[in-house]
Amino acid sequence: MKQLQTAFFYFISLFFATALLCLPANVSAQDMNLDDGWEYAWGDSAFNSDGVPLWTQQNSLADWQPIAFPADPPARGAHDNVWFRIKLPQHVYRDPVFYASSIDLLAEVYLDGELIYKHGQLDQNGVGVFAGWPWHMITLPENFAGKTLYFRVYSNYINIGFWGERKLTERVDALKQIIEESLQGFIVAGVTIFIALMAAIFAMLKGQRRQFLNVCLFSLAAAGLVLGDIPAMKLIWDQPLLWNYIGAYAYFLLPIPMFMLLAEWLSDAGLEVRHFQWLWRAHFVFLLLAAIGSVSGLLHLTQLYPAFDGMFIVTLLLLVVFVLLVFNRVRLEQKLLILAYFGFCSVMMLDMAVAHNWISWSSVPVSSGALLFSVAIIGLSFNHYLSTQRRLAKLNISLESKVIERTEQLSIMVKQEALRANGLLFQQEKLEIVSDIIFELESCHTLEVGIEKIANNIEALCAPFSGVFSIAVTDEWRNVHSWGHTIDAPLPKNTALIKLKFNNEQGVFPFRVVNQQGSVRYVALLQVQATGVLNGYPVAHFMKLLKRAVEKINITLANIALREELQRFSYEDELTGLKNRRFFSEVMEHEIASAEQNQEALSLLICDIDYFKKFNDTYGHPAGDEALKTLASLLSHFFHEGDIVCRLGGEEFVVVMPRVTSEDCLRKAEQLRAAVEKTQIEYEGYLLENITISIGISNWPELISDPRQLFQQTDSALYQAKESGRNCIRITEK
């Protein structure tokens with residue numbers, strides 16, 4: 001830190017000394033100042049068909065009047081156009097140029113009626129848009145001596161005409177003068193930018209952040225003001241309006257950090273600084289309105305300068321009054337700051353007076369004043385910063401022991417908090433695994449698939465503990481997955497009355513489902529033993545976490561079992577246990593589509609108990625139900641391995657026989673008919689009379705051309721069997 005401070009002051013001293021020594025050199029001996037012989041004429045000249053101004057051809061057409069200095073002629077009134085002329089002296093140059101510091105605002109230069117230079121663009125009415133305040137270097141022909149040089153000038157500004165020096169010189173001498181005049185500005189700009197960077201660095205360090213930020217802002221504004229006023233910037237990039245805008249807005253910005261700095265310093269002395277805050281806020285509002293107005297085209301730079309100068313004078317006078325009232329109450333360093341501020345303001349007021357022609361033209365060292373003020377500010381701020389650091393160092397010594405003690409306490413707290421954070425992270429990971437398991441279970445259609453998914457994920461839930469996962473198979477437990485160390489956890493002999501239990505060493509967690517009637521069925525069993533180490537998470541808490549996880553999974557398993565049972569009920573005939581008509585409708589559509597796609601045979605058989613109503617009336621409906629169950633049992637015995645048996649309703653049954661020919665279907669139907677005729681029905685210890693069935697069969701594509709007519713044709717064949725005396729088989733005719 002001390003090396004940085006030393007380097008900073010060394011750099012400031014070096015550049016400050018260089019800035020003061022690098023003053024512009026004397027102009028060349030060949031330079032000829034054009035201070036005498038100027039004439040002016042208000043208004044604008046007419047032009048002939050060749051574009052030549054008539055005033056340059058005939059003297060009598062204009063009211064030419066002598067003027068000591070070619071600027072702001074008397075009796076301007078509403079005139080925005082004026083012409084100036086001067087007869088060039090007899091002088092010999094190798095590369096002659098006419099050099100002028102500035103012209104308000106736009107100008108065209110004529111020699112022998114020919115346009116040889118222009119700044120800005122004038123229309124046929126002699127009106128144009130502001131194009132900046134650059135210096136002008138007008139190239140002259142070798143035979144310029146004795147000729148009259150005409151200047152067509154337009155200005156809607158408070159001033160019109162030339163500003164600064166006007167002279168004849170060699171081009172190389174003019175360029176040399178421009179570079180020499182710019183050298184000091186470049187040095188000052190470099191130093192102020194360096195100061196801004198240093199202030200920004202110190203602002204990022206502890207202490208006086210706002211103060212150093214204000215110094216940074218002021219230095220940047222000073223740098224912008226200097227850069228906008230350096231003549232050589234036009235040689236670097238010929239955009240005079242851009243450089244003027246940079247300089248102007250830097251000029252408008254300067255009072256803001258200046259007033260903020262004064263408010264900051266004086267507030268340290270316990271003084272009321274509301275006045276300073278109102279002053280910098282007023283300038284900030286002006287800067288904001290100026291930026292909006294200039295960007296939108298409502299205001300021009302030429303209109304902003306007089307308004308700002310007037311505002312600055314008023315705010316400066318208010319500031320002087322307030323500062324004089326409190327000057328004796330502030331410390332020495334604050335008095336030095338006030339004096340440095342008033343010194344810089346004096347330079348700005350002097351430059352303002354020259355700009356408004358309140359005093360005769362002279363070069364005002366605004367850049368040097370900005371540099372002096374920046375150096376004073378940064379020096380005082382840095383000294384204030386060092387004194388603050390010394391006070392802080394003393395406080396640090398007294399606080400070191402407390403800090404060490406507090407650090408040790410915090411270290412313990414950090415370790416405890418780290419363990420707690422690890423525990424919470426561990427818990428969050430396990431809860432996410434539980435959520436994933438439940439998410440996968442929700443997509444399962446059967447309980448068997450759900451148990452399999454639990455077996456695949458249960459190890460991740462229980463890690464790092466060892467465990468065994470078992471499933472219920474015919475009232476016994478079968479181990480399907482184990483991990484970790486071999487644990488001392490023998491499986492129970494049966495799946496009944498498994499109770500959840502756990503402690504800090506091991507736990508038993510049953511998975512069960514509860515149906516709508518409230519009966520409990522155990523489907524899986526998890527046994528866990530604490531064989532690993534949990535980082536910051538108590539084993540007892542983990543066992544409780546497993547308990548809650550299993551309870552959540554059990555709820556999901558119960559939902560799966562309920563869905564499975566409801567699905568079974570929706571497709572199953574409750575009396576016979578066969579599939580119902582709804583299932584037949586869905587499976588028939590599928591088999592028809594499959595048969596068409598694969599060009600495979602599809603047979604259909606429909607049977608009906610003969611005289612079933614008479615059977616019910618004779619023996620009663622319970623006996624009829626027994627007859628239906630007997631027929632369903634025979635159907636299940638005769639048809640399997642791909643055949644689908646369904647009860648359509650009442651005493652009517654249907655068999656779907658994929659990939660079966662009509663001949664095989666007829667053979668199977670005859671075997672069924674004969675078996676039914678021979679089967680005795682027993683009900684409540686009594687043998688009932690035998691039943692017979694009528695059968696209709698059909699086949700695609702042997703017997704019908706459209707498989708979608710298969711059920712209708714088979715039903716028609718059944719009707720024919722009943723019409724033919726029953727206890728017979730009829731097949732669809734081609």
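Please read these numbers as outputs of a predicted model, since none were measured by experiment.
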Novice: Are there more than 12 heavy atoms of other residues, nucleotides or ligands under 6.0 Å from atom CD of Glu600?
Specialist: yes
Novice: Could you check if a side-chain atom of Leu557 sits within less than 4.5 angstrom of a side-chain atom of Ile451, using non-hydrogen atoms only?
Specialist: yes
Novice: Checking Lys552 now: which residues fulfil salt bridge (Lys or Arg N to Asp or Glu O under 4.0 Å) with it, not counting sequence neighbours?
Specialist: none
Novice: Under 6.0 Å from the CZ atom of Phe284, do we count more than 12 heavy atoms belonging to anything else shown?
Specialist: no
Novice: Can you check whether Ile731 reaches Ser662 side chain to side chain, under 4.5 Å on heavy atoms?
Specialist: yes
Novice: Sequence neighbours excluded, which residues qualify as side chain to side chain contact (heavy atoms under 4.5 Å, CB included) partners of Val480?
Specialist: Ala455, Phe469, Ile471, Arg478
Novice: With sequence neighbours left out, what residues match Phe639 under ring pair (Phe, Tyr, Trp, His ring centres under 6.0 Å)?
Specialist: none
Novice: Roughly how far, to the nearest 0.5 Å, is the CZ atom of Phe426 from the CG atom of Leu431?
Specialist: 10.0 Å
Novice: Is the number of heavy atoms from other residues, nucleotides or ligands under 6.0 Å of Glu432 CD greater than 12?
Specialist: yes
Novice: Can you list, pair by pair, the side-chain donor-acceptor contacts under 3.5 Å of residues 682-693, counting residues two or more places apart and other chains?
Specialist:
{"residue": "Glu689", "atom": "OE2", "partner": "Tyr619", "partner atom": "OH", "Å": "3.3"}
{"residue": "Asn690", "atom": "ND2", "partner": "Glu677", "partner atom": "O", "Å": "3.0"}
{"residue": "Thr692", "atom": "OG1", "partner": "Asp610", "partner atom": "OD2", "Å": "2.7"}

Novice: What's the shortest heavy-atom distance between Phe465 and Val528, and which atoms?
Specialist: CB-CG1, 3.7 Å
Novice: Return the minimal non-hydrogen interatomic distance between Arg521 and Leu447, and the atom names on each side.
Specialist: NH2-CD2, 3.4 Å
Novice: Can you find a heavy atom in the side chain of Glu591 that is under 4.5 Å from one in the side chain of Ile644?
Specialist: yes
Novice: Looking only at heavy atoms, which two atoms of Leu525 and Pro510 are closest? And how far apart?
Specialist: CD1-CA, 3.8 Å
Novice: Within a reach of under 6.0 Å around CD of Glu551, are more than 12 heavy atoms found that belong to other residues, nucleotides or ligands?
Specialist: yes
Novice: Taking atom CG of Leu604 and atom CG of Leu710, what is their separation to the nearest 0.5 Å?
Specialist: 5.0 Å
Novice: Indicate the atoms forming the closest heavy-atom contact of Cys444 with Lys453, along with that distance.
Specialist: SG-CD, 3.4 Å
Novice: Is the CD atom of Glu442 crowded by more than 12 outside heavy atoms at less than 6.0 Å?
Specialist: yes
Novice: Would you be so kind as to tabulate the donor-acceptor pairs closer than 3.5 Å made by side chains of residues 647-659, with sequence neighbours excluded?
Specialist:
{"residue": "Arg647", "atom": "NE", "partner": "Gly650", "partner atom": "O", "Å": "3.0"}
{"residue": "Arg647", "atom": "NH1", "partner": "Asp573", "partner atom": "OD1", "Å": "3.4"}
{"residue": "Arg647", "atom": "NH1", "partner": "Asp573", "partner atom": "OD2", "Å": "3.2"}
{"residue": "Arg647", "atom": "NH2", "partner": "Gly650", "partner atom": "O", "Å": "2.9"}

Novice: Keeping Ser636 on the side-chain end and Ala632 on the backbone end, is there a donor-acceptor pair under 3.5 Å?
Specialist: yes
Novice: Measure the shortest side-chain to side-chain distance between Leu575 and Lys629 over non-hydrogen atoms and say whether it is less than 4.5 angstrom.
Specialist: yes
Novice: To the nearest 0.5 Å, how far apart are CZ in Arg726 and CD1 in Ile695?
Specialist: 14.0 Å
Novice: The criterion is side-chain hydrogen bond (donor to acceptor under 3.5 Å, both in side chains); which residues satisfy it with Glu596, sequence neighbours excluded?
Specialist: Arg708
Novice: Could you check Cys646 against Leu578 for side chain to side chain contact (heavy atoms under 4.5 Å, CB included), going step by step and ending with a plain yes or no?
Specialist: CA-CA 5 Å; Cys646 302; Leu578 298 178; 5.8 Å; no
Novice: When you measure from the side chain of Thr618 to the backbone N and O of Lys614, does any donor-acceptor pair fall under 3.5 Å?
Specialist: yes
Novice: Who passes side-chain hydrogen bond (donor to acceptor under 3.5 Å, both in side chains) against Ser724, sequence neighbours left out?
Specialist: Arg730
Novice: Assess, by modelled atom type and distance only, whether the side chains of Ser698 and Gln713 contain a donor and an acceptor separated by less than 3.5 Å.
Specialist: no
Novice: Report the residues that fulfil salt bridge (Lys or Arg N to Asp or Glu O under 4.0 Å) with Asp664, sequence neighbours left out, ordered by chain and then residue number.
Specialist: Arg667
Novice: Do Leu628 and Ile609 come within less than 4.5 Å of each other through their side chains, counting heavy atoms only?
Specialist: yes
Novice: Using every non-hydrogen atom in the two residues, find where Ile592 and Pro707 come nearest and quote the distance to one decimal.
Specialist: CD1-O, 3.6 Å
Novice: Starting at CG of Asp238, measure out to CH2 of Trp243 and round the result to the nearest 0.5 Å.
Specialist: 11.0 Å
Novice: Under the ring pair (Phe, Tyr, Trp, His ring centres under 6.0 Å) test, which residues partner Tyr249, sequence neighbours left out?
Specialist: Tyr245, Phe252
Novice: Which class fits the ring pair Phe711 and Phe584: parallel under 30°, tilted 30 to 60°, perpendicular over 60°?
Specialist: tilted
Novice: Listed by chain and number, what are the salt bridge (Lys or Arg N to Asp or Glu O under 4.0 Å) partners of Glu670, not counting sequence neighbours?
Specialist: Arg673
Novice: Compare all side-chain heavy atoms of Ser603 with those of Ile697 and state whether any distance is below 4.5 angstrom.
Specialist: no
Novice: Do you know which two heavy atoms are closest between Ala601 and Pro701, and how far apart they sit?
Specialist: CA-CD, 4.2 Å
Novice: With rounding to the nearest 0.5 Å, note down the distance linking OG in Ser694 to NZ in Lys722.
Specialist: 4.5 Å
Novice: Does Ile246 reach the side chain of Leu242, with side-chain heavy atoms less than 4.5 Å apart?
Specialist: yes
Novice: If you measure from OG on Ser435 to CD on Gln428, what distance do you get to the nearest 0.5 Å?
Specialist: 8.0 Å
Novice: Which residues satisfy the salt bridge (Lys or Arg N to Asp or Glu O under 4.0 Å) test with Asp617, sequence neighbours excluded?
Specialist: Lys613
Novice: Tell me every residue that passes ring pair (Phe, Tyr, Trp, His ring centres under 6.0 Å) with His481, counting only those two or more places apart in sequence or in another chain.
Specialist: Trp483
Novice: Take Leu217 and Leu253, measure what side chain to side chain contact (heavy atoms under 4.5 Å, CB included) needs, and give me the verdict at the end.
Specialist: CA-CA 9 Å; Leu217 182 61; Leu253 177 63; 4.0 Å; yes
Novice: Could you tell me if the side chain of Thr630 sits less than 4.5 Å from the side chain of Thr679, heavy atoms only?
Specialist: yes
